[in-house]
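Letters A, B, ... are given to chains in the order of the sequence lines, protein chains preceding strands, and every chain is numbered from 1. Keep in mind that what you see is a predicted model, and the values were worked out from it rather than measured.
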Protein chains: 2
Amino acid sequence: MSSIHNPNQNHLLGALPTAEFDALAAYLELVPLRLGESLYEPGEKLQHAYFPTTAIVSLHYVTESGASAETAGVGNEGVVGVSLFMGGETTPSSAVVQTAGHAYRMEGQRLKEEFSRAGLFQRLLLRYTQALMTQMAQTAVCNRHHSLVQQLCRWLLLTLDRLPTNELIMTQELVASMLGVRREGITEAAGKLQRAGLISYRRGHISVLDRTGLESHACECYAVVKKELIRLLPDVKYRQDSTTTNA
Amino acid sequence: MSSIHNPNQNHLLGALPTAEFDALAAYLELVPLRLGESLYEPGEKLQHAYFPTTAIVSLHYVTESGASAETAGVGNEGVVGVSLFMGGETTPSSAVVQTAGHAYRMEGQRLKEEFSRAGLFQRLLLRYTQALMTQMAQTAVCNRHHSLVQQLCRWLLLTLDRLPTNELIMTQELVASMLGVRREGITEAAGKLQRAGLISYRRGHISVLDRTGLESHACECYAVVKKELIRLLPDVKYRQDSTTTNA
DNA sequence: GCGTGTCTGTGTGCTGGGGCACATAAGCCG
DNA sequence: CGGCTTATGTGCCCCAGCACACAGACACGC
């Protein structure tokens, strides 16, 4: 029986050679992630790591005054829960599902054991973590210096790269909370992009019409993050995707 | 002959048990770091890792338009060059000396080998890296939501924690480039703090008069970063500091 | 002790985004 | 089909921080 779900949809899992993958496969459990669901809260010890396939998770921080901002996003290119193998077990931020979908999860203890084997899996996890750091650093710079329109373009592109379609199921309110700005600001910025013919949207749906146009309106931050991800985790498949090869 | 310089002044090195430390000591070289000196530039492959003792290094990003911002700072609590053991070898940011002083440096190749031994040193480096991520994430949030005065307080406190004195040798211009704001903004914010009796300054010198007062004017970000650092790297000395015990 | 470069203080106007209030409209569900 | 919920559009005023311009003032070298 072949399902539409497959661990290979996650790039980290998909990059593992057969031997490494087989050692892990038994510990991967497919779980649905609902929009708005929290995978962990600040200071809460992580139970599982999540390897998203179709879902997107936002690493989010909420200030004492109730304002919030995304510090990085995680989709099929990475894993939620790096603090498990980094040794901290928890973080001051939370992880919230930004786009509903699926992920494969693994017991935290198991992940730590696999990490400690110091094989290719460890190497991939560490390189991914560095890419995640780049994303955080770039978010800091972007928050400081770039306009809302530029930031919205960056964010749309990063999200789009993690989706199979060109449509985001997402209200302006939600986008605003990701970028840490007012909802009205998104209305205005999205209106500009729609008038420019780059996107079109209706209640809770945003469609990207002109990806190249978006890229030219985005700040450099998108390209920096993307380039660094490709550099650190080249899209090499070490393993043939045997589970989906059926004629 | 006992020098005023000692690798134990760096918390990561100081936390190593004797056996681990002795294996490393021969590869540590004391180097002076001058103000403004760059330890590496974007995309440049790192040759060395630096364990600061009295120096402070700023991880810095310069945008295409020439604007700049610090994404994190590194002092005697950490190490410059985590991308060596994370596997990326380089980063899109640069590392600039923010406060002159000294650091112990180690060949990149040697660091990678020591890391791969998977001992306590690796564990310390990974936990430190997680603390660094927290700092980056918090910088992103802070840039988004907190006022310049709050950010200045946060930054002064973080810097102060890495120094033996309560005086920073630093012009407003330099502080501005760290926070990624205009110099005039620092003049105004620092003026407020001086009028409030928290600091006093003259050309290129800033003295902290009331640390507690600064803390109460800072945003939560300082406390979050500090607390996370202490949690991840409790100030346990595994080794007695034999080199400085002389009656 | 004097000149000079650098650092700091201040002013004016401008703009992006925040807070708030409210109008409008789209989708949903009975 | 009709009403209700919830997303979106707009207008208002306000303020922080930017740009640019310039004045004072301290520090250092000669």
Classify every nucleotide of nucleotides 23-30 of chain D by which part a protein heavy atom approaches to under 4.0 Å, writing B for the base, S for the sugar-phosphate alone and - for neither, in 5'-to-3' order.
--BBS---
Using a 4.0 Å cut-off on protein heavy atoms (strictly under), produce a 5'-to-3' string for nucleotides 10-17 of chain D with B for base contact, S for backbone-only sugar-phosphate contact, and - for none.
B------S
From the 5' end of DNA chain C to its 3' end, which nucleotides mark the outer limits of contact with chain A, defined by a 4.0 Å heavy-atom distance cut-off (strictly under)?
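Range of nucleotides within reach of chain A: dG17(C) to dG27(C).
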Which atoms form the tightest heavy-atom contact between [X] and [Y], and what is the distance?
X: Asn76(B); Y: Thr53(B); value: CB-O, 3.2 Å
X: Gln9(B); Y: Ile4(B); value: OE1-O, 3.6 Å
X: Met136(B); Y: Ala140(A); value: O-CB, 4.3 Å

Can you tell me how far apart [atom1] ([X]) and [atom2] ([Y]) are? Round to the nearest 0.5 Å.
X: Leu198(A); Y: Leu209(A); atom1: CG; atom2: CG; value: 8.0 Å
X: Ser38(B); Y: Leu33(B); atom1: OG; atom2: CG; value: 11.0 Å
X: Met133(A); Y: Ser83(B); atom1: CE; atom2: OG; value: 9.0 Å
X: Ser58(B); Y: Glu70(B); atom1: OG; atom2: CD; value: 3.5 Å
X: Leu233(B); Y: Arg127(B); atom1: CG; atom2: CZ; value: 6.5 Å

Quickly, which of Ile199(B), Leu160(B), Thr99(B) forms a side chain to side chain contact (heavy atoms under 4.5 Å, CB included) with Leu168(B)? Name it, please.
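Testing Leu168(B) for a side chain to side chain contact (heavy atoms under 4.5 Å, CB included) against Ile199(B), Leu160(B), Thr99(B) leaves exactly one candidate, Leu160(B).
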Looking at residues 166-178 of chain A, who's got a heavy atom less than 4.0 Å off DNA chain C?
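Nothing qualifies; none.
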What parts of residues 55-66 of chain B reach DNA chain C, counting only heavy atoms under 4.0 Å away?
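Nothing qualifies; none.
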Can you see whether [X] engages [Y] through a side-chain donor-acceptor pair at a distance of less than 3.5 angstrom?
X: Ser94(A); Y: Glu41(A); answer: no
X: Ser200(A); Y: Gln194(A); answer: no
X: Asn10(A); Y: Tyr50(A); answer: no
X: Thr212(A); Y: Glu215(A); answer: no
X: Ser207(B); Y: Glu167(B); answer: yes

Which angle, to the nearest 10 degrees, lies between the helix axes at the two ends of the helix from dG1(C)-dC30(D) to dG30(C)-dC1(D), each defined by five pairs?
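Answer rounded to 10°: the end axes differ by 30°.
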Between His5(B) and Tyr104(B), is any pair of side-chain heavy atoms under 4.5 Å apart?
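With C-beta onward as the side chain, the pair touches.
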Taking side chain as C-beta onward, heavy atoms only, is Tyr40(B) less than 4.5 Å from Thr90(B)?
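Side-chain contact under 4.5 Å: no.
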Looking at Glu220(A), I want to see if its CD is surrounded by more than 12 non-hydrogen atoms of other residues, nucleotides or ligands under 6.0 Å.
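Atom CD in Glu220(A) is packed in, count exceeds 12.
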With heavy atoms under 4.0 Å as the rule, sort Gly191(B) into base, sugar-phosphate or nothing.
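Result for Gly191(B) = nothing.
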